[in-house]
Participant: 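Take a look at the following structure, please.
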Amino acid sequence: MRNIPYSFILRRLATILSVAIISLSLIAAITGILLSFYYEPTAGGAYNSLQIIKSEIPNGWLIQRLHEVAGNGLIAVALIQIVVMFLGEKFRRSWLTAWISGILLTLTAIALSWTAMLLDWTQLGYWRFNIELGTIEVIPLIGSLLREFLTGGGAVNTMTVMRLYTLHSYILAMGAIVLAIVHLMGLLRQEQEEKQESIEISNTAY
Ligand code: HEM
């Protein structure tokens with residue numbers, strides 16, 4: 001049996017995971033856009049609109065569930081990818097591009113999940129967000145500014161839901177898609193370079 005090198009397995013695994021990452025990002029973005037047709041980003045309306053999506057809109061529950069699974073799945077796969085890429089480190093430009101974009105993507109996916117905390121306007125989300133605001137507020141120098149920016153005035157209300165929704169659905173979602181594309185491109189480039197190198201090595205051997 002042919003001896004498959006450890007580095008080859010790690011490289012292939014990273015490429016496969018990057019395809020999973022871009023697929024999950026696209027599923028989350030598409031289902032997110034579908035949710036936005038019925039979702040109401042207001043303090044009272046968010047909870048009710050999600051209940052309507054889940055119980056009255058045809059296949060709404062499926063779209064909501066897919067969004068949840070793809071969004072949380074993205075975090076899990078992106079974290080596994082960091083470990084795989086760390087073990088197969090190459091320190092060449094293509095690997096570094098994929099490494100940096102992979103780390104930024106993981107942080108963006110976590111931020112997407114964090115900004116979604118208040119979007120369903122449940123008791124759990126509301127109180128969790130209030131507790132986390134308290135932590136944010138004590139950050140030296142920028143704490144109160146950050147609280148003001150996230151809440152849109154200090155109190156947690158419709159303005160806060162709208163701010164988090166804008167961050168979640170426009171800025172962070174677009175960032176995740178761009179980073180997922182850069183990540184995949186970096187790994188595909190690495191595959192090409194490795195292939196080219198192995199051809200050159202086998203040519204010089206003969
Ligand atoms: C790469 C793109 C995206 C990712 C990774 C993502 C991720 C997530 C995650 C992790 C949640 C929390 C799910 C849960 O645990 O309950 C969530 C909720 C939500 N997202 Fe996104 N999202 C993305 C794009 C979007 C877009 C484009 C929109 C709207 C235009 C959107 C609208 C929403 C809404 C309304 C919720 C609340 C739904 C609920 O709590 O059931 N998302 N998203």
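Each ligand, and each atom within it, is numbered from 1 in the order the structure gives.
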Participant: How close do His168 and Ala116 get, counting heavy atoms only, and between which atoms?
Facilitator: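 For His168 versus Ala116, the nearest heavy atoms are CE1-CB, 3.8 Å.
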
Participant: Does atom CD (Glu197) have a neighbourhood of more than 12 heavy atoms from anything else shown, all under 6.0 Å?
Facilitator: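 Counting neighbours around CD of Glu197, more than 12 heavy atoms of other residues, nucleotides or ligands fall under 6.0 Å, so yes.
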
Participant: Ignoring hydrogens and angles, tell me if any N or O in the side chain of His183 forms a donor-acceptor pair with the backbone of Ser101 under 3.5 Å.
Facilitator: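 Not confirmed, His183 side chain does not pair with Ser101 backbone.
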
Participant: What are the atoms of ligand 1, with element, lying closer than 4.0 Å to any heavy atom of Ser36?
Facilitator: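 Counting atoms of ligand 1 from 1, those under 4.0 Å from Ser36 are 29 (C), 30 (C).
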
Participant: Just by modelled atom types, is the Leu74 backbone N or O under 3.5 Å from a matching donor or acceptor in the Ser25 side chain?
Facilitator: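 Checked: no pair found.
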
Participant: Can you confirm whether Lys90 sits close enough to Met85 that some side-chain heavy atom of one is under 4.5 Å from a side-chain heavy atom of the other?
Facilitator: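 Of all side-chain heavy-atom pairs linking Met85 with Lys90, none is under 4.5 Å.
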
Participant: Which of these, Glu193, Glu191, Glu89, sits in a salt bridge (charged side-chain N to carboxylate O under 4.0 Å, His left out) with Arg11?
Facilitator: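 Output: one option passes, namely Glu191.
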
Participant: Measure Leu50 to ligand 1 on non-hydrogen atoms and call it side chain, backbone, both or neither using the 4.0 Å cut-off.
Facilitator: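 Within the 4.0 Å criterion, Leu50 contacts ligand 1 through side-chain atoms alone.
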
Participant: Give yes if a backbone or side-chain nitrogen or oxygen of Asn72 is under 3.5 Å from a nitrogen or oxygen of ligand 1, and no if not.
Facilitator: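 Right, the criterion is met.
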
Participant: Would you mind checking which non-hydrogen protein atom is closest to atom 1 (C) of ligand 1, with the distance to 0.1 Å?
Facilitator: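 Going atom by atom, the protein heavy atom closest to atom 1 (C) of ligand 1 ends up being Ser25 O, 3.6 Å.
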
Participant: Determine the minimum heavy-atom distance between Leu187 and Ser18, stating which atoms define it.
Facilitator: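 The pair with the smallest heavy-atom distance is CD1-CB, 3.5 Å.
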
Participant: For Tyr47, is there any backbone N or O sitting under 3.5 Å from a side-chain donor or acceptor partner on Trp121?
Facilitator: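 Absent.
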
Participant: What residue and heavy atom of the protein are closest to atom 16 (O) of ligand 1, and at what distance?
Facilitator: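 Looking at atom 16 (O) of ligand 1, the protein heavy atom closest to it is Glu68 CG, 3.6 Å.
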
Participant: On a heavy-atom basis, I'd like to know which of Ile110, Leu105, Asp120 is closest to atom 40 (O) of ligand 1.
Facilitator: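 When every heavy atom of Ile110, Leu105, Asp120 is considered, Asp120 comes closest to atom 40 (O) of ligand 1.
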
Participant: For the backbone of Ala43 and the side chain of Thr158, can you confirm whether one donor and one acceptor N or O come within less than 3.5 Å of each other?
Facilitator: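 Looks like yes, one N/O pair under 3.5 Å.
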
Participant: Quick one: name the protein N/O/S atoms under 2.8 Å from atom 21 (Fe) of ligand 1, chain by chain.
Facilitator: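 Hits for atom 21 (Fe) of ligand 1 below 2.8 Å: His67 NE2, His168 NE2.
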
Participant: Hey, which atoms in ligand 1 end up nearer than 4.0 Å to a heavy atom of Gln64?
Facilitator: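 Going through ligand 1 atom by atom, the ones under 4.0 Å from Gln64 are 39 (C), 41 (O).
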
Participant: For residues Tyr126 and Tyr39: do they belong to one hydrophobic cluster (side chain heavy atoms under 4.5 Å, members Ile, Leu, Val, Met, Phe, Trp, Tyr)?
Facilitator: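 Yes, Tyr126 and Tyr39 fall within the same hydrophobic cluster.
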
Participant: For ligand 1, which atoms have a heavy atom of Leu74 less than 4.0 angstrom away?
Facilitator: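 Near Leu74, the atoms of ligand 1 are 5 (C).
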
